[in-house]
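Naming: A, B, ... by sequence-line order, numbering from 1 per chain. Computed from a prediction, not measured in an experiment: that's the story for all the values here.
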Protein chains: 2
Amino acid sequence: MTGSRADGTPQRPTLEQVAALAGVGRGTASRVINGSPSVSPQTRDAVMKAVAELGYVPNQAARSLVTRRTGAIALVISEPEERLFSEPFFAGVVRGISKVMDEHDRQLVLVLVHGAAERADEPAAYLSPQHVDGALLLSQHEGDDLPQRLRDRGLTLVHGGRPPGDEEASWVDVDNVGGARGAVAHLLERGRTTVATIAGPPDMQAGRDRLQGYREALGAVGMPFNPDLVSVGDFTELGGWRAMQSLLEQRDDLDAVFVASDPMALGALRALRESGRTVPGDVAVVGFDDSPMAAVSDPPLTTVNQPVERLGREMAEMLLGSLAEGGATEPRSVVLPTSLVLRGSS
Amino acid sequence: MTGSRADGTPQRPTLEQVAALAGVGRGTASRVINGSPSVSPQTRDAVMKAVAELGYVPNQAARSLVTRRTGAIALVISEPEERLFSEPFFAGVVRGISKVMDEHDRQLVLVLVHGAAERADEPAAYLSPQHVDGALLLSQHEGDDLPQRLRDRGLTLVHGGRPPGDEEASWVDVDNVGGARGAVAHLLERGRTTVATIAGPPDMQAGRDRLQGYREALGAVGMPFNPDLVSVGDFTELGGWRAMQSLLEQRDDLDAVFVASDPMALGALRALRESGRTVPGDVAVVGFDDSPMAAVSDPPLTTVNQPVERLGREMAEMLLGSLAEGGATEPRSVVLPTSLVLRGSS
DNA sequence: TTGAAAGCGCTAACAA
DNA sequence: TTGTTAGCGCTTTCAA
């Protein structure tokens with residue numbers, strides 16, 4: 001039995017009790033718990049049995065105190081706008097991360113870094129090796145020095161998405177360039193001749209990369225890049241709607257458009273409908289994200305699928321890998337392939 | 001200076017060093033850190049100064065070891081379907097929770113409880129008083145016994161959303177009944193005479209509550225409840241589209257519809273358009289959620305706004321309040337008001 | 001009001 | 001292979 005204290009809180013058994021029940025010393029019990037090889041099978045069995053009988057669970061605080069490792073990983077999300085969590089992107093990434101953490105018996109500490117307020121005094125003082133072993137960064141802002149500061153504190157970091165101009169960073173990203181290139185190539189193969197694009201915000205790496213893919217696809221078939229066929233949106237439905245209108249004003253002869261996000265593509269679909277055009281008859285449309293809405297829009301949206309859960313998994317595994325090797329390894333990076341999902345809009 | 005260890009990890013200063021620098025005993029330094037009243041002002045100042053100078057941050061592990069409190073709160077999300085994170089609902093709630101945790105220097109540990117797999121052996125063994133002081137539960141499933149098991153382990157809990165048939169639970173919810181009632185009352189006041197509803201899944205409390213609000217609004221003006229005017233969806237756009245079609249087949253004379261979620265309302269809008277009807281001319285539509293899409297749909301959607309961030313705040317504050325009082329208090333509950341946002345669809 | 005000291009539960013170094 | 005022991009950094013009695 002485990003006993004309980006005066007306030008009714010069940011009192012967890014300690015390693016001491018496990019050792020006593022197993023008839024061994026505390027050190028030996030500790031070795032068994034931590035999978036040390038230098039323990040005889042009989043001793044191991046006796047300890048395991050005692051652990052099971054008592055329902056023993058190691059006290060993480062005591063353990064951290066001596067090992068100086070916490071078992072916790074921070075998931076840092078900067079400036080959680082409406083967008084961030086709202087996008088299925090986050091759901092998938094977080095799920096992937098969470099599964100890996102579960103598998104490794106590690107805790108995920110969620111840290112939302114809000115705007116200037118927190119930034120002012122000591123930004124996320126909690127994010128130090130004293131509290132977490134490492135950190136996963138999502139949606140960093142351009143020019144933010146938080147990553148550098150965290151590294152200075154001795155934290156091992158892995159970024160979701162390639163951080164621009166940070167050679168020291170380790171990161172995992174989806175192949176935005178390739179995904180966009182493939183989408184535009186698909187439109188060209190279908191015989192479209194005047195392919196426009198609604199690009200994402202130029203201050204976001206994903207926005208820039210997807211525009212780059214558009215250029216590369218044109219270049220691959222010897223078509224010139226024409227600024228008239230590019231309009232910039234902010235990744236929202238409204239932004240896509242406006243961008244599409246502006247494109248139609250400039251070039252009423254366009255017959256296809258690659259849109260750098262599904263919400264923007266839905267806005268574009270609406271603008272096209274309002275202009276009296278048919279999709280894909282008059283204009284073919286391809287989005288990016290493969291969000292749930294894409295499957296049920298009118299018409300269903302051809303779009304680029306990103307392996308979001310896998311992105312989370314890879315991030316988590318890369319971080320745990322670096323931690324296992326003892327930290328100071330070379331920066332590493334992984335790019336995950338995207339795939340085109342064909343639907344009615346193209 | 002704080003010194004550093006061989007591996008380059010900066011070595012944090014300890015309370016011992018703070019005490020030495022301030023010229024006091026370790027116990028006294030501890031009292032200052034923890035805001036004990038029985039410390040002279042001069043002593044306090046000296047210690048504070050030493051803390052600032054050394055950049056001292058208490059070691060949470062050491063603290064937990066003796067206080068038996070962790071400073072951590074778990075955010076438990078059951079079965080994170082696509083839906084869950086995808087909805088702006090989650091973004092707001094998590095943001096509210098996060099802010100309160102920041103204010104109280106507490107950590108938020110994210111625990112995603114996946115399907116049967118985890119459930120099978122020991123479900124979230126981590127969720128015990130040894131690791132977290134309490135837990136916030138989001139999107140619990142009907143009949144799930146996780147809450148009860150966590151309480152048995154001695155954890156203090158607060159639910160987001162009213163847990164059906166759990167008298168011991170503390171919870172915070174938005175006024176789903178009132179919000180729905182107000183939405184339908186609004187349609188009736190606008191002169192609509194045949195108000196249908198697309199209800200949410202009957203196995204979800206929010207779905208049931210919103211249907212209840214619909215009934216109450218009809219009852220308030222002496223109108224009978226007519227099953228022909230009710231169709232059930234699954235809170236998705238596709239579900240709303242289908243439900244709207246089925247309603248139109250049964251009752252082609254309906255002139256208004258209250259839809260229990262915005263995604264479903266967008267689907268309903270599409271079905272109405274496809275049937276050749278105008279909104280709000282032929283049929284007025286009101287949704288529920290005030291999601292970003294509602295503002296930019298065609299026409300913009302009248303909908304019920306929920307104070308999502310506040311819901312998170314209230315949950316977090318309720319939990320921390322219960323914890324402060326020392327646990328075994330009465331179950332408590334809070335219902336937050338919703339508000340109708342008038343737009344073009346009604 | 002303050003200092004000294006015990007001890008929270010564990011790991012790891014050292015002996016045996 | 002095993003037991004013993006010295007702390008990890010902190011809070012909290014107990015005396016003074």
Checklist entry - Which whole-number value in Å describes the distance from R12(B) CZ to dG9(D) P? => result 12 Å
Next on the checklist: Could you tell me how far apart Q17(A) (CD) and dG9(C) (P) are, to the nearest whole angstrom?
Outcome noted: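 One finds 9 Å between P of dG9(C) and CD of Q17(A), rounded.
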Next on the checklist: Please list all pairs meeting salt bridge (charged side-chain N to carboxylate O under 4.0 Å, His left out) that have one or both residues in residues 21-39 of chain B, counting only residues at least two apart or in different chains.
Outcome noted: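 Those involving residues 21-39 of chain B are E16(B)-R26(B).
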Item to check | All pairs passing salt bridge (charged side-chain N to carboxylate O under 4.0 Å, His left out) where residues 36-45 of chain B contributes a residue, at least two apart | outcome: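 Found none.
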Checklist outcome for this item: Each nucleotide of nucleotides 10-16 of chain C classed B (base within 4.0 Å of a protein heavy atom), S (only sugar-phosphate) or -, in 5' to 3' order, makes BBBB---
Item to check | Bend angle of the helix from dT1(C)-dA16(D) to dA16(C)-dT1(D), from helix axes over five pairs at each end, nearest 10° | outcome: 40°
Checklist entry - In chain order, what residues pass the ring pair (Phe, Tyr, Trp, His ring centres under 6.0 Å) check against H131(A), with sequence neighbours excluded? => result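 Ring pair (Phe, Tyr, Trp, His ring centres under 6.0 Å) list for H131(A), sorted by chain: Y126(A).
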Item to check | Distance test, side-chain N/O of S40(A) to OP1/OP2 of dT2(D), below 4.0 Å | outcome: yes
Under the side chain to side chain donor-acceptor pair (under 3.5 Å) rule, collect the residues that match up with [X], sequence neighbours excluded.
X       : answer
E314(B) : R310(B)
S170(A) : none
T14(B)  : none

Item to check | Touch class at under 4.0 angstrom, heavy-atom based, for T43(A) against every strand present | outcome: sugar-phosphate
Check: residues 55-63 of chain A side-chain donor-acceptor pairs under 3.5 Å, at least two apart:
from	atom 1	to	atom 2	distance (Å)
N59(A)	OD1	A61(A)	N	2.8
N59(A)	OD1	A62(A)	N	3.0
Q60(A)	NE2	S64(A)	OG	3.1
Q60(A)	NE2	T70(A)	O	3.1
R63(A)	NH2	N34(A)	OD1	3.4

Checklist entry - Quick one: which of R68(B), R69(B), R106(B) gives a salt bridge (charged side-chain N to carboxylate O under 4.0 Å, His left out) with D133(B)? => result R106(B)
